[in-house]
Protein chains: 2
Amino acid sequence: MRRHRCNQVIRSESDTESDTDAETMKCISCKEEYGSRDAGTCKECYEEASETEEELKREIEDLKAKVAFLRFWSPLDHAHRGSTTTPGPFFSDVVLIASDDGSPGFPPVPVPANKAVLVNRSPVFKAMLENEMEESRSGTIKVSDVSYDALRAFVNYLYTAEACLDEQMACDLLVLAEKYQVKHLKGYCEKFLVSKLNCDNSLMSYAFAHQHNAKLVLDAALCLITDNMDKLTKREEYIELVEKDPRLVVEIYEAYLSKQVNTAAHKDCSMKS
Amino acid sequence: MRRHRCNQVIRSESDTESDTDAETMKCISCKEEYGSRDAGTCKECYEEASETEEELKREIEDLKAKVAFLRFWSPLDHAHRGSTTTPGPFFSDVVLIASDDGSPGFPPVPVPANKAVLVNRSPVFKAMLENEMEESRSGTIKVSDVSYDALRAFVNYLYTAEACLDEQMACDLLVLAEKYQVKHLKGYCEKFLVSKLNCDNSLMSYAFAHQHNAKLVLDAALCLITDNMDKLTKREEYIELVEKDPRLVVEIYEAYLSKQVNTAAHKDCSMKS
């Protein structure tokens, strides 16, 4: 076993040598005294654990460097330079257009990109651009039902694996990630939305997750809803959901029921034991 | 503090409760009994440490997923498909050519690439392709003093951050990484070469590292050399090096001298204390 580099250990050895009381020891990590009842690990296992931690941290540093090497600059930096459509220093060979951008009157602003990047990130773009389809010939990909900002953020993520999310943007990007099968982005948005779940948005999130088959959000929302059935069934969103999509509401009640059954069964067996 | 999920702990609690002897405890980690002298951590610190380890492992998983998302398929997969020069499914817009490939008679085989990738990975390619230089206009980048295989491996690394190394390939790629300022690849090759250092190749590695300013290899080789001066100064490579580049040999002796001085000083002060 390699020698341990953490000088905490060296200090603690002298501690324990000077330790006359056999019942109390000093913890190498927190330096507190403790009795045999609160004993954790022996010194050797502590040293091994600290080495493991150091190795994991080194691996993290290596992976971060790899990510920094593989990520592109944001194409938006280039877009800002002006010429977005013609191949400039960015060597763009395709543009994406939010075909029905929410700003009527103005012509939609194209988002420049590289075919090579798009086909690497999305199997849908791959099929679209590698087989001589309209988009491949024209070098223009129309994306419907999306704002310019969401499309920009989407393309930006394909280059950088980074996005600045709020709840609206997370929903918009999740829809695009689902449409173009960008798994990594979808997972990223799902985690964000789960972190923002609360009683107020649980029903809407559940419906949204159902529509775009976001399993993570679906399960988290369903769990939250079934924990607060009495409150939520009095809300307007609930009544709306019953109107709009009763099947979803049925699924909620089914989940609620099976949860109660399980809890009952659990109580039952814990009483027996 | 969050509840600890590791069931080892739950088990160990019952262990310590049934533990009548106050002087010996059971290590939660290795399950061995130990006395107070060999005490490592208290239980709480053990639990915190295990949680930290779990978190680090989760972070590693996330970073690995990010790398998998950002890396490209190898352009060589496309090269194998035949048409390497004309933009095919790979959307290549530039080719690299090993201008003096070691196979006379045959025309050099071009390695297809994307300008967008090259400029993102190398400041040298960036300057070359963004300013209307010959390479940018012709779409052909001639690379001198390199084999076709090394050039292929180099371009492949720019897309995948992966390379299959032996000592020769590591040296070839290090030279290219230095020439085109691809720091990440240079570090990768240096680590590999350091791991292959031994008495037999230490002098050649030292000379090579010096020529291509590979600091990691240089320091490691110098350390190995100065530890084996008596052996190495009898070798042919040593005599050759004195012939070819005496300044390098002087630097070796200077390092050797300062090492001896330090060791002496260290012995001296440790005798005093």
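Proteins come first, then strands; the chains are lettered A, B, ... in the order of their sequence lines, and each starts at number 1. Note that these values count all heavy atoms, side chains included, but never hydrogens, waters or copies made by symmetry.
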For [X], which atoms come within 4.5 Å of any heavy atom of chain A: side chain, backbone, both, or neither?
{"X": "B:Thr41", "result": "both"}
{"X": "B:Ala116", "result": "both"}
{"X": "B:Val117", "result": "both"}
{"X": "B:Leu185", "result": "neither"}

Test side-chain contact (heavy atoms from CB on, under 4.5 Å) on A:Leu56 and B:Lys57 and set out the steps. CA-CA 7 Å; A:Leu56 291 174; B:Lys57 283 179 178 165; 4.3 Å; yes
Going through the checks in order, is the side-chain contact (heavy atoms from CB on, under 4.5 Å) test met by A:Phe91 and B:Leu129? CA-CA 10 Å; A:Phe91 306 111; B:Leu129 294 170; 3.9 Å; yes
Indicate the atoms forming the closest heavy-atom contact of [X] with [Y], along with that distance.
{"X": "B:Ser36", "Y": "A:Met25", "value": "CB-CG, 3.5 Å"}
{"X": "A:Tyr34", "Y": "B:Ala39", "value": "OH-CB, 3.3 Å"}
{"X": "B:Phe72", "Y": "A:Asn120", "value": "CD2-ND2, 2.9 Å"}

Quick one: sort the B:His184 and A:Phe69 rings into parallel, tilted or perpendicular, breaks at 30° and 60°. parallel
Nearest 0.5 Å please: distance from the [atom1] atom of [X] over to the [atom2] atom of [Y].
{"X": "A:Cys30", "Y": "B:Glu48", "atom1": "SG", "atom2": "CD", "answer": "8.5 Å"}
{"X": "A:Glu162", "Y": "B:Leu70", "atom1": "CD", "atom2": "CG", "answer": "8.5 Å"}
{"X": "B:Lys43", "Y": "A:Arg37", "atom1": "NZ", "atom2": "CZ", "answer": "8.5 Å"}

Is the number of heavy atoms from other residues, nucleotides or ligands under 6.0 Å of B:Lys183 NZ greater than 12? no
Contacting region of A:Ala49 [heavy-atom separation from chain B under 4.5 Å]: neither
What I'd like to find out is whether the side chain of A:Lys64 reaches to under 4.5 Å of the side chain of B:Leu63, using heavy atoms alone. yes
Got A:Trp73 and B:Val119 here, is their nearest side-chain heavy-atom distance under 4.5 Å? yes
Under 4.5 Å, counting heavy-atom pairs only, tell me which of B:Cys42, B:Cys27, B:Ala68 racks up the most with chain A. B:Cys42
Based on non-hydrogen pairs under 4.5 Å, which of B:Glu53, B:Arg121, B:Arg71 is most in contact with chain A? B:Arg121
